[in-house]
Trainee: 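One structure, pasted below without further comment.
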Amino acid sequence: MIMPSISGLRADLALIAHWVAPHARVLDLGCGDGEMLAYLQQKKQCNGYGVEIDDDKIPRCVERDVHVIQQNIEEGLAMFADDAFDTVLCLSALQMMKHVEPVLRDITRVGREAIVSFPNFAYWPHRLSLMLGRMPVSESLPFEWYDTPNLRCATISDFEDLAREVGLEVVDFVALSEEGNPVSFLPHWRGSLAVFRLRKQ
Amino acid sequence: MHFSEPLPLQSGASLADYTLVYETYGTLNADRSNAVLVCHALNASHHVAGSYEGKPKSEGWWNNMVGPGKALDTDRFFVIGVNNLGSCFGSTGPMHNNPATGKPYGASFPVVTVEDWVHAQARLADRLGIQKFAAVMGGSLGGMQALAWSMLYPSRIAHSLVIASTPKLSAQNIAFNDVARQAILTDPEYHDGDFYAHGVVPKRGLRVARMIGHITYLSDDDMAEKFGRDLRNADYQFGYGVDFEIESYLRYQGEKFSEYFDANTYLLITKVLDYFDPARAHDGNLDAALANTEAEFLVVSFTTDWRFAPERSREIVQALVNNQRRVTYAEIDAPHGHDAFLLDDARYMGVVRAYYDKVWRQLGQGAATVLGEAA
């Protein structure tokens with residue numbers, strides 16, 4: 001895949017932005033400081049909302065002119081109507097959920113398409129770590145086992161199963177290296193971050 | 001400012017003649033685009049910020065929020081505080097003479113609504129030459145006014161800041177208000193609202209009303225932390241005087257309040273609260289009520305506020321989201337209950353400050369566009 005080079009935007013975000021249609025209504029779950037939505041608003045005339053729980057991130061979103069709703073995603077997306085969004089983003093957030101499946105079902109309900117990314121637990125250095133008897137610590141999983149916010153560890157294949165289970169079809173998939181570059185050779189082994197583009201079946 | 005054209009009221013009555021007292025802070029810019037209206041809640045006034053000369057204790061009720069360099073920066077914005085009709089801080093209210101009778105209105109002062117207040121505020125804006133507010137902002141009952149502005153005058157407000165508020169009172173809220181009203185109405189010195197002529201004040205009723213209100217402004221945890229079961233004396237008094245610090249505090253608050261607040265105003269403003277329900281005209285559908293809004297919104301709630309709980313604010317946000325409105329919602333985990341909206345909290349002030357920075361940037365952008373078009 002040839003990626004447009006986007007200065008100032010993280011490589012993984014740039015790739016994901018490429019998958020969002022111009023003028024799309026977007027919901028960004030776990031939007032952080034609103035970087036992605038701000039980019040989509042400016043460059044692709046998208047609009048929508050971010051959802052974020054962290055107090056410190058809310059003013060950062062406001063600064064970027066991103067409309068953010070402060071709430072815990074796991075309390076449900078009752079705020080949003082069925083099919084309210086063209087694209088729902090859930091970027092490097094799903095692995096922090098206690099109840100992944102209901103969240104993914106909610107994503108399926110409120111959006112026509114979803115883009116979901118998460119750290120690939122089957123990334124080869126992680127496999128090696130486990131073989132050597134240690135939980136993996138890497139750029140994409142930078143925490144010790146006892147203080148990690150990442151409650152759920154999944155591989156690319158694991159996620160595909162769950163996505164199918166909740167009624168999502170994989171439209172596109174890319175694995176990214178730690179530097180954020182697409183990995184086409186042995187992505188299940190060499191991909192640090194898994195990014196799925198999904199559509200309601 | 002005096003208004004001689006009659007103001008028709010939601011009840012069907014009208015006010016023939018009235019005065020609105022207001023204060024302003026900062027400077028109105030040349031294109032009159034930087035005005036912010038700050039709406040007060042039950043017991044506050046037009047005196048939003050600053051202190052009166054020679055009276056260091058006369059700080060405005062939102063002095064931590066509004067002023068030079070503060071979250072709502074009066075070096076940038078022209079801020080207006082207005083005392084609402086029926087209040088007791090200078091604008092026409094129950095203690096003023098009814099021109100028809102030459103006697104104080106008392107309980108016959110027409111029961112007004114949030115919407116009536118907003119129409120009166122709009123007339124004030126007309127007189128001041130302000131076609132469109134950069135923002136209308138308020139907490140609690142003030143938030144209801146900010147919300148009502150967005151529905152009644154959608155093109156006359158760019159931003160609506162609705163803080164610790166609700167789209168309507170719950171049965172429990174109304175119940176508390178009615179207990180407060182009954183305390184006043186059954187005070188023998190109330191005299192059906194004509195206590196002015198008797199030279200008395202229904203202080204007992206006002207005290208109890210304020211005590212009840214005050215309880216609902218604080219959180220259980222906050223009260224526990226501030227007072228706990230602390231005693232005034234070394235041991236129980238085995239009587240009906242003051243044993244606990246919380247009793248002493250509430251009685252003091254009630255006493256202080258009864259010395260400056262008008263009983264008829266208290267009755268009136270609790271009714272203003274009870275009646276607010278913009279969805280009522282749309283079969284209870286808040287989405288429909290907010291369908292014609294054009295403003296951007298900041299909605300803020302506080303997790304320990306059980307008077308107007310976060311769920312109430314989320315109803316507003318949900319209705320705005322259903323209308324695809326531009327809304328930001330902050331839910332501040334502050335311990336102080338409903339009163340949190342008046343207190344300093346870095347997260348709360350940080351969001352409001354960032355929001356006004358955005359309002360300010362948009363004003364700048366607007367000016368640049370006009371210049372660009374001219375060129």
Side-chain angles (χ1 to χ4, degrees), chain A residues 23-38 40-42 45-89 106-107 109-112, chain B residues 71 135 158-163 285-287 295-303 309-335 340 345-366:
Chain A
H23 303 282
R25 278 192 67 70
V26 178
L27 180 68
D28 187 353
L29 299 175
C31 68
D33 58 14
E35 186 182 15
M36 184 70 185
L37 262 180
L40 292 172
Q41 285 172 187
Q42 282 162 22
Q45 290 72 51
C46 296
N47 61 70
Y49 306 99
V51 174
E52 178 56 51
I53 193 170
D54 186 346
D55 288 321
D56 296 333
K57 300 289 198 310
I58 306 301
R60 303 289 85 77
C61 289
V62 173
E63 281 164 17
R64 290 174 188 267
D65 213 5
V66 162
H67 302 108
V68 62
I69 289 161
Q70 187 169 22
Q71 75 150 89
N72 182 352
I73 296 164
E74 295 207 69
E75 283 169 13
L77 304 179
M79 185 85 80
F80 307 104
D82 296 359
D83 293 317
F85 299 94
D86 299 311
T87 302
V88 180
L89 305 176
D106 243 355
I107 290 173
R109 177 181 65 78
V110 302
R112 283 178 244 283
Chain B
H159 291 269
S160 171
L161 288 81
V162 181
I163 299 170
N285 185 340
L286 190 61
D287 294 5
E296 283 189 50
F297 293 82
L298 175 66
V299 179
V300 181
S301 74
F302 300 91
T303 50
E311 289 76 6
R312 302 287 83 77
S313 285
R314 278 190 229 126
E315 287 169 22
I316 298 171
V317 176
Q318 182 165 3
L320 291 168
V321 165
N322 285 341
N323 280 298
Q324 305 192 1
R325 289 297 173 272
R326 293 163 296 176
V327 54
T328 286
Y329 173 57
E331 196 169 294
I332 311 288
D333 187 15
D345 179 294
R347 295 159 297 179
Y348 167 40
M349 291 295 166
V351 171
V352 176
R353 180 181 290 275
Y355 199 85
Y356 274 111
D357 282 346
K358 170 171 116 159
V359 176
W360 182 244
R361 276 198 311 277
Q362 288 181 356
L363 284 180
Q365 276 169 11

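This is a predicted model, so every value here is computed, not measured. The sequence lines fix the lettering, A, B, ..., with proteins before strands; numbering per chain opens at 1.
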Trainee: Let me confirm one number: the CD-CD1 distance from B/Glu331 to A/Ile69, rounded to the nearest 0.5 Å.
Mentor: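 One gets 11.5 Å once the value is rounded to the nearest 0.5 Å.
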Trainee: Which residue out of A/Pro59, A/Gly50, A/Ala78, A/Gly48 racks up the most heavy-atom pairs below 4.5 Å with chain B?
Mentor: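 Top option by heavy-atom pairs under 4.5 Å: A/Pro59.
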Trainee: For B/Asn322, is it the side chain, the backbone, both, or neither that has a heavy atom closer than 4.5 Å to a heavy atom of chain A?
Mentor: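 Answer is side chain: those atoms of B/Asn322 sit under 4.5 Å from chain A.
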Trainee: Rounded at 0.5 Å granularity, tell me how far CZ in B/Arg314 sits from CD in A/Glu75.
Mentor: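 These two atoms lie 6.0 Å from each other.
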Trainee: Return the OG1 to CD1 distance between B/Thr328 and A/Ile58, rounded to the nearest 0.5 Å.
Mentor: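 Interatomic distance, B/Thr328 OG1 to A/Ile58 CD1, rounded to 0.5 Å: 8.0 Å.
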Trainee: Which members of residues 25-34 of chain A, sorted by number, sit under 4.5 angstrom from chain B on a heavy-atom basis?
Mentor: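 Those residues of residues 25-34 of chain A which have a heavy atom under 4.5 Å from chain B are A/Arg25.
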Trainee: Roughly how far, to the nearest 0.5 Å, is the CZ atom of B/Arg326 from the CG atom of A/Asp65?
Mentor: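 These two atoms lie 8.5 Å from each other.
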Trainee: Please rank B/Val327, B/Leu298, B/Val299 by heavy-atom pairs under 4.5 Å with chain A and give me the top one.
Mentor: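 Answer, by heavy-atom pair count under 4.5 Å with chain A: B/Val327.
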Trainee: Working to the nearest 0.5 Å, report the span between CD of B/Gln324 and OH of A/Tyr49.
Mentor: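 Those atoms lie 6.5 Å apart.
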Trainee: Measuring from A/Glu63:CD to B/Arg361:CZ, what's the distance to the nearest 0.5 Å?
Mentor: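 Between atom CD of A/Glu63 and atom CZ of B/Arg361 there are 7.0 Å.
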